[in-house]
Number of protein chains: 2
Amino acid sequence: MRRHHGKNRLPSLLLTSGIRPTRQRLALAALLFDGVKKHMTAEQVHALARRNRAHISLATVYNNLHQFTAAGLLREVPVGHNRSVFDTNTEAHCHTFDEVTGLLHDIPSDAVHLSRVPKPPMGRKVARVDIVIRLAAV
Amino acid sequence: MRRHHGKNRLPSLLLTSGIRPTRQRLALAALLFDGVKKHMTAEQVHALARRNRAHISLATVYNNLHQFTAAGLLREVPVGHNRSVFDTNTEAHCHTFDEVTGLLHDIPSDAVHLSRVPKPPMGRKVARVDIVIRLAAV
DNA sequence: GTGTTTGCAAAGTGTTTGCAATTTA
DNA sequence: TAAATTGCAAACACTTTGCAAACAC
């Protein structure tokens, strides 16, 4: 499943995004950008980093997740239960949110078709369209 | 703009939804269900209630907004900035979220067209589809 | 070296909860 | 009167911030 095994893949990825590749950021990048797309909260990233023997404070995790998001390496998913979920898949796609399990899943972007999106008002552009299909127990 | 001026409109509205019409709930209902659709945070509802000389604690505002939501009188909009926004319009419709002003606006449900929504897995049904069009500065 | 980043702890938000006092039916 | 609801304050969960020490270039 992994792609791009190059030795300096992660440093370049960060540099290209204008982010200085510190030890902590490389550790975070290693666990986020391993080729497998994921949805993770800051808390989960922090726990995973510690499990990997990378000592990164939670504050630094938050700071860097936001920095990665600003740089377009991550995307924040608006699930609505008042906690930030970061998605390593930054391409246009939708989500299902299972209210029973609390899990988020990707839906290929062509699984739904959205048409007739209204024109934004003067001085604004459509940054993106968030579509979340909420699933409940039958 | 107001509709249904009947004297016991709000008590009936709550009773019909299986909610006991207490003084506080009636005050909240009066300010929420006046015929003008709104998007409000708990904090905003609380402030407005106090401005109207209704003494309702913030905790009670939260409790009742959730109760109203569970009863289908309100809907929670997943804007994603880690705070709950309640919408008095419970019909199928979408939103634009202006990242510059922080304001939420309704879009008539027929302004966008969503097709090919995938079938939910066994034991689940589509509760609803949340669509938020995020607008940024040009 | 110089400016950036980190870690920690502390403060800040927004939200929920426990429980005695009150209110509703 | 019995059961539900309220208010308050305290607890809670998540996130951000201030600043000295550590690090990258």
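No experiment lies behind these values; they were computed from the predicted model shown. Residue numbers start from 1 in every chain, and the chains themselves are labelled A, B, ... in the order their sequence lines are given, proteins ahead of strands.
For A:Arg50 (side chain) and A:Ile56 (main-chain N/O), a donor-acceptor pair under 3.5 Å exists by modelled atom type. Listed for the A:Asp34 side chain is a donor-acceptor partner under 3.5 Å among the backbone atoms of A:Val36. Remark: the backbone N or O of A:Ala92 is not paired with any side-chain donor or acceptor of A:Arg128 at under 3.5 angstrom.
Taking the six-membered ring where tryptophan is involved, the planes of A:Tyr62 and A:His66 are tilted, since the angle between them lies from 30° to 60°.
Between the CD atom of A:Gln44 and the P atom of D:dA13 there is a distance of 16 Å, rounded to whole Å. Atom CG in A:Leu28 sits roughly 13 Å away from atom C1' in C:dT5 (whole-Å rounding). Residue A:Arg23 contributes atom CZ, which lies 15 Å from atom C1' of C:dT4 at whole-angstrom precision. Between B:His81 atom NE2 and D:dT16 atom C1' the separation is 16 Å, expressed in whole Å. Nucleotide C:dG7 holds its P atom 9 Å from the CG atom of A:Asn64, rounded to whole Å. Remark: C1' of C:dG7 and OH of A:Tyr62 are 16 Å apart, rounded to the nearest angstrom. Going from atom CG of A:Leu65 over to atom P of D:dT16 covers 10 Å, rounded to whole Å. Rounded to an integer number of Å, the gap from A:Leu26 CG to C:dT6 C1' is 14 Å.
The base-pairing partner of D:dA13, taking Watson-Crick or G-U wobble contacts with both distances under 3.5 Å, is C:dT13. Across all strands shown, the partner of C:dA20 is D:dT6, judged by Watson-Crick or G-U wobble contacts whose two distances both fall under 3.5 Å.
Taking side-chain N and O atoms only, B:Ser57 has no distance below 4.0 Å to OP1 or OP2 of D:dC8. At least one side-chain nitrogen or oxygen of B:Arg25 sits closer than 4.0 Å to the OP1 or OP2 atom of D:dT5. Distances shorter than 4.0 Å separate none of the side-chain N or O atoms of B:Arg83 from OP1 or OP2 on C:dT15. In terms of phosphate contacts, A:Ser84 brings a side-chain nitrogen or oxygen within less than 4.0 Å of OP1 or OP2 of D:dT15. For A:Asn82, no side-chain nitrogen or oxygen approaches OP1 or OP2 of D:dT15 to under 4.0 Å. OP1 or OP2 of C:dT22 has not a single side-chain nitrogen or oxygen of B:Gln24 nearer than 4.0 Å. A close approach under 4.0 Å does occur between a side-chain nitrogen or oxygen of B:His66 and OP1 or OP2 of C:dT16.
Residue whose closest nucleotide on DNA chain C sits further toward the 5' end, between B:Leu15 and A:Asn63: A:Asn63. Taking for each of B:Thr22 and B:Leu58 the nucleotide of DNA chain C with the nearest heavy atom, the 5'-most of the two is the partner of B:Leu58. Residue order along DNA chain D, read from the 5' end via each residue's closest nucleotide, puts B:Arg20 first among B:Val61 and B:Arg20.
The shortest side-chain heavy-atom distance between B:Asp106 and B:Glu91 does not fall under the 4.5 Å cut-off.
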